[in-house]
Amino acid sequence: MENAEIAATFELIADILDLTDENPFKVRAYRTAARVIESRSEPLHKAVEEAADLTEIQGIGKEIAAKIAELVQTGRLGYLERIRREVPPGLFEILKLRGLGPKKTRKLWQSLGITTIEELEERARKGELAQLEGFGQKTEEKILKATADYRLLGARTLHFAAEPVVKALKKHLEGLPGVKQVEAAGSFRRQVETVGDLDILVIADQPYPVMERFTAFDQVASVESAGETRSTVILDSQLQVDIRVVPEKSFGAALCYFTGSKDHDIRLRKLAQEQGMRLSEYGLYRVEEGAPDPEADSLWVAGETEEELYAALGLSFIPPELRENRGEIEAARQGRLPALIEPGDIRGDLQMHSNWSDGRDPIETMLNACAALGYEYFAMSDHSKALAMAHGLDAARLRLQRQEMEEIAARYPEIRMLRSLEVDILADGSLDLEDEDLQELDLVVAAVHSYFDLPPARQTERIIRAISHPLVNILAHPTCRLINKRLPIQYDLEAVLQCAVEHRVAVEHNAQPDRLDLKDTQLMRARELGAMIVIDTDAHTAETLSHMRHGIAQARRAWLTRNDVLNTKPLADLMAALGKQPAV
DNA sequence: GCCGTTTTCGGCCCGACTGTTTTCAGTCG
């Protein structure tokens, strides 16, 4: 059992306890445990197998340690099975609505018997909610908006969350004799930020044993269809997985076909047609009038690899990230596809947090992790004081932090640590700290963490005011979206990007897997407008510095090259581009 | 439920904001 699954189990327990009005500190203990477990790099099941003492982990005591052991050893948890009967499952969904926490959800349930989002919406429309003690007109309106928003958010799986599933499936299938290759195609391969399902492609001599093994995968909840070369299952996580077994000769064509996108595929097939050929998932064939078998070996052109397939169509190889029919086919034909940015191009990470604010690790740990990644520089950018919950820094603590940073930096000449701060943009667009404090820093990152619902015009004004401030260098997670959780804030992005260009402020692509903000299409637009772009991880732990690759993936989808991204440059060039004095 | 001790109980991060109230509960970050 993966750490993520154990963590999800404890989150569920916390929700149930919340809804049954348990001691809030007990609830918090479960949530803390869930977070601790999820952020651990080492799998807990291994620790259990080795009979390690789990209570040595901060946040895990005797009770939770025993529950982890039970989960790992039996795959179940008696305690959870007992308490989950007390709560209708629809309430967990209601809990996810913005503005509804455990108290209000419980009240709706106990007083009005509401147990589903649909019921909630209906009763709100009838005005019944406003009658409830502690509720009112405004609350009712907010709930209606929240249910509408919830529907928009959809339920696609984060690419990040699909990764371990793909990995486990590959391992599961690759162990089978006769299996030559296993690849995930579809939107997963194109690095789309979320996936609707997974498409797995397998080369094998015998399809049947592959199918048998596939449906025996331990995460399979139900088998929707199981054919000779194609099967569909639903996993415990509700993710749908399609598998397709193809012969080696067709692998390139099949991979291309199932990678898509659909529009890209259609364009390729048309292109083949124009050249007197026919493209299918089995390969590229010459068309001959009156040929008895249109897929005869004598008509075969290409299809074992994607490279030869694209070449046969007169195209240079198109990386999967670009296959969205956004002009890539024309570019490939003319040989002017961009040389996409690669993970190794990044010279430094410009946003991360230490335990001075809401990060987990000390500055020195973060420094060492950055050095291990081969970075030449990095910026430590803890939160400012407005974010009280994150233990944001005020001027006094900022000065104290500076002392610590200087002491640490002196011991690590091999990497340059930049002093930065993720300063809050307040409601009126002013910054959370005074100029005299901010100008002590090497870089100033400005970010919105509050007042997400301002009218668009005011939101635009607010952000423009903030990035017009002469000390601001980077606008962090510009739209504040959380994929599947929070919609982007509404404002005139175009105007903000133009303002950023004017004031030499870089816009961030935040590589946190549920942010990826700006998103691919917005990044493309930012580049078109001449905005400077930085990709950073906003890491809150040393391990999550590795999330850089998710940011790179989105940048590639946005057609960005190394030259388009500021933190691929040597430090002096980066600082010059931002109009800063070269850092000493 | 966890943690740390002034060890076996008592505190647990907390400020801002909203909408409901008439001094505060609930939610968010």
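The sequence lines fix the lettering, A, B, ..., with proteins before strands; numbering per chain opens at 1.
- Atom CD in A:Gln137 sits roughly 15 Å away from atom C1' in B:dT18 (whole-Å rounding).
- B:dT5 and B:dC12 have their P atoms separated by 15 Å, with the value rounded to a whole Å.
- Taking atom C1' on both B:dG1 and B:dT6, the two are 22 Å apart, rounded to the nearest angstrom.
- For B:dC9 and B:dC14, the C1' atoms lie 24 Å apart once the distance is rounded to whole Å.
- Surrounding CD of A:Glu133 are at most 12 heavy atoms belonging to other residues, nucleotides or ligands under 6.0 Å away.
- As a whole-Å value, the separation of A:Leu95 CG from B:dC28 C1' is 14 Å.
- Nucleic acid contact class of A:Pro24 (heavy atoms, under 4.0 Å, all strands): none.
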For a side chain to side chain donor-acceptor pair (under 3.5 Å) check, start with the C-alpha distance between A:His45 and A:Gln73, then their side-chain angles and the critical distance, and finish with the verdict. CA-CA 8 Å; A:His45 66 80; A:Gln73 282 158 1; over 6 Å; no
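- If you check B:dT18, B:dG1, B:dG29 against the side chain of A:Glu63, the one that comes closest is B:dG1.
- Distance from the side chain of A:Lys142 is smallest for B:dG19 among the nucleotides B:dG1, B:dG29, B:dG19.
- For B:dG29, one of the phosphate oxygens OP1 or OP2 lies less than 4.0 angstrom from a side-chain nitrogen or oxygen of A:Arg486.
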Determine, stepwise, if the pair A:Asp538 / A:His353 fulfils side chain to side chain donor-acceptor pair (under 3.5 Å). CA-CA 7 Å; A:Asp538 197 0; A:His353 301 264; 2.8 Å; yes
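- Taking the P atom of each, B:dG15 and B:dG10 are spaced 24 Å apart, rounded to whole Å.
- Cation-pi geometry between A:Lys67 and A:Tyr79 is met: the NZ or CZ atom falls under 6.0 Å from the ring centre, inside 45° of the normal.
- Counting non-hydrogen atoms of neighbouring residues, nucleotides and ligands closer than 6.0 angstrom, the CZ atom of A:Arg458 reaches no more than 12 such neighbours.
- The side chain of A:Tyr79 lies closest to B:dG1, out of B:dG1, B:dG4, B:dG29.
- In this entry the distance linking CZ of A:Phe10 with P of B:dG1 reads 11 Å, nearest Å.
- Minimum atom distance to the side chain of A:Lys138 is reached by B:dG19, of the listed B:dG1, B:dG4, B:dG19.
- As judged by a 4.0 angstrom heavy-atom cut-off over every strand, A:Glu133 is placed among residues making no nucleic acid contact.
- Taking 3.5 Å as the limit, the base of B:dG29 and the side chain of A:Asp358 contain no donor-acceptor pair of atoms between them.
- The phosphate of B:dA16 has neither OP1 nor OP2 within less than 4.0 Å of any side-chain N or O from A:Ser450.
- Taking the C1' atoms as reference points, B:dA25 lies 8 Å from B:dT20, given to the whole Å.
- Across the protein-nucleic acid pair, A:Phe25 atom CZ and B:dG4 atom C1' stand 16 Å apart, rounded to whole Å.
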